[in-house]
*Asks:* 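If you scroll down you'll find the structure; I have some questions about it.
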Amino acid sequence: MSGLVRIRRGQVMSGAHDITNLAPQKIVRAGVAHVPEGRRMVAPLSVEDNLKLAGFAVQGEASDEELDRVYSVFPRLGERRKQPSGSLSGGEQQMLAIGRR
């Protein structure tokens with residue numbers, strides 16, 4: 001679904017759009033994200049820097065609106081925005097992984 005493994009049959013739809021054969025970066029831009037279980041954050045960077053890094057990779061920048069959206073969904077991340085992400089609890093790290101989408 002996220003484009004990391006080739007689909008053998010069927011199709012994947014995002015709304016009215018067929019995303020079956022799109023490159024992974026185009027699938028992300030279509031709103032579908034793969035959140036790896038291993039979290040794969042940059043531990044020495046702050047929560048906010050991890051979110052900005054992910055936003056840059058996806059959109060060329062991380063907007064203030066996008067950061068605010070993540071913090072509204074996960075208020076705990078907003079409280080810890082300047083904290084190194086490697087010092088977060090496991091649940092908080094998973095929130096960050098989802099927020100990076």
*Asks:* Run the side-chain donor-acceptor check on residues 74-81: report pairs under 3.5 Å with partners two or more places apart or on a different chain.
*Replies:*
{"from": "Arg76", "atom 1": "NE", "to": "Glu92", "atom 2": "OE2", "distance (Å)": "2.9"}
{"from": "Arg76", "atom 1": "NH1", "to": "Glu79", "atom 2": "OE1", "distance (Å)": "2.9"}
{"from": "Arg80", "atom 1": "NE", "to": "Glu92", "atom 2": "OE2", "distance (Å)": "2.9"}
{"from": "Arg80", "atom 1": "NH1", "to": "Gln83", "atom 2": "OE1", "distance (Å)": "2.9"}
{"from": "Arg81", "atom 1": "NE", "to": "Gly78", "atom 2": "O", "distance (Å)": "3.1"}

*Asks:* Could you pull out all residues at least two apart from Ser46 that satisfy side-chain hydrogen bond (donor to acceptor under 3.5 Å, both in side chains)?
*Replies:*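 Partners of Ser46 by the side-chain hydrogen bond (donor to acceptor under 3.5 Å, both in side chains) criterion, ordered by chain and then number, come out as Asp49.
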*Asks:* From Ile19 CD1 over to Ser14 OG, what is the distance, rounded to the nearest 0.5 angstrom?
*Replies:*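 It is 5.0 Å, given to the nearest 0.5 Å.
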*Asks:* When rounded to the nearest 0.5 angstrom, what distance separates CE in Met41 from CD in Gln93?
*Replies:*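 Interatomic distance, Met41 CE to Gln93 CD, rounded to 0.5 Å: 3.0 Å.
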*Asks:* Checking Gln11 now: which residues fulfil side-chain hydrogen bond (donor to acceptor under 3.5 Å, both in side chains) with it, not counting sequence neighbours?
*Replies:*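 Gln11 satisfies side-chain hydrogen bond (donor to acceptor under 3.5 Å, both in side chains) with Asp18 only.
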*Asks:* To the closest 0.5 Å, what do you measure between CD (Glu65) and CZ (Arg69)?
*Replies:*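 Rounded to the nearest 0.5 Å, the CD-CZ separation comes to 11.5 Å.
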*Asks:* Could you tell me the separation between the CZ atom of Arg9 and the OG1 atom of Thr20, rounded to the nearest 0.5 Å?
*Replies:*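 Here the interatomic distance stands at 13.5 Å.
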*Asks:* Applying side chain to side chain contact (heavy atoms under 4.5 Å, CB included), name anything that partners Val42, two or more places apart in sequence or on another chain.
*Replies:*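 Pro44, Leu45, Asn50, Leu53.
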